[in-house]
> 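Below you will find the structure I want to go over with you.
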Amino acid sequence: MWRRTLLYGAVLAAGTLALQLLDYQRFARTHSGDVYIFLIATGFLALGIYVGARVIAAPRARPFDGNPEAVATLGISARELEVLEQILAGRSNQEIADRLGVSLNTVKTHVARLLEKLGAKRRGDAVARARELGIVR
């Protein structure tokens, strides 16, 4: 029984496909100009989207360089920059010492020199000043 139903469904599907093909051929013959215009318009639409995405797209952000001119002018060393980044992350002197593998007194010295070079009284002021100068993000 199910074979007969399957065969009957396949014959109906083939007949429907044949009718649709004939209808499509008639449509394509009578409206061939419209089909060509549609294809050309679709091509221009795709080209416009591509060009628009390439030309009008937002410019890529420059990679962060840390304003080396300001760093050189202020005389901030590489280790002091590392300490400044740790301060920016909100770490205490002891945590900075543990992370960088130096003594607590060394970190205190770096922090004091950073405060002096950035003209700040507190760590928060130093971070704000470093951000103003573009030394840190």
> State the CZ-CD1 distance between F44 and I49, to the nearest 0.5 angstrom.
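Reported to 0.5 Å precision, the distance equals 14.0 Å.
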> Is the shortest side-chain heavy-atom distance between I56 and V51 below 4.5 Å?
no
> What I want to find out is whether R113 reaches E116 closely enough, with some N-O distance under 4.0 Å, to be called a salt bridge.
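No, R113 and E116 are not salt-bridged.
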> Once you round to the nearest 0.5 Å, how far does NZ of K108 lie from OG of S103?
9.5 Å
> I want to check something: taking the side chain as every heavy atom from C-beta on, are R3 and L7 in contact at a cut-off of under 4.5 Å?
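Side-chain contact under 4.5 Å: no.
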> Rounded to the nearest 0.5 Å, how far apart are CG of D125 and CZ of R123?
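These two atoms lie 12.0 Å from each other.
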> Is any side-chain heavy atom of R79 closer than 4.5 Å to a side-chain heavy atom of V102?
yes
> How far apart are the closest heavy atoms of K121 and L115, and which atoms are they?
O-CD1, 4.2 Å
> Side-chain contact test, heavy atoms from C-beta onward, threshold under 4.5 Å: evaluate it for R91 versus D98 and give yes or no.
no
> Side-chain contact, heavy-atom cut-off 4.5 Å: L133 with L118?
yes
> With a 4.5 Å heavy-atom cut-off, do K117 and E80 have their side chains touching?
yes
> Whether R99 and E82 form a salt bridge (side-chain N of Lys/Arg under 4.0 Å from carboxylate O of Asp/Glu) is what I want to check.
no
> Quick one: pull up CZ in R129 and CG in L114 and give me the separation to the nearest 0.5 Å.
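If we round to the nearest 0.5 Å, R129:CZ and L114:CG are 13.0 Å apart.
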> Taking atom CG of N67 and atom CZ of R131, what is their separation to the nearest 0.5 Å?
15.0 Å
> Please determine whether residues L47 and V55 belong to a single hydrophobic cluster, defined as Ile, Leu, Val, Met, Phe, Trp and Tyr linked transitively by side-chain heavy-atom distances below 4.5 Å.
yes
> Between T109 and T106, do the side chains contain a donor N or O and an acceptor N or O under 3.5 Å apart?
no
> Which heavy-atom pair separates L88 from V136 by the least distance, and what is that distance?
CD2-CB, 3.9 Å
> Measuring only between side-chain heavy atoms, which start at C-beta, is V127 closer than 4.5 Å to E85?
no
> Could you give the distance from CD (Q20) to CG (L17), rounded to the nearest 0.5 Å?
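Here the interatomic distance stands at 8.0 Å.
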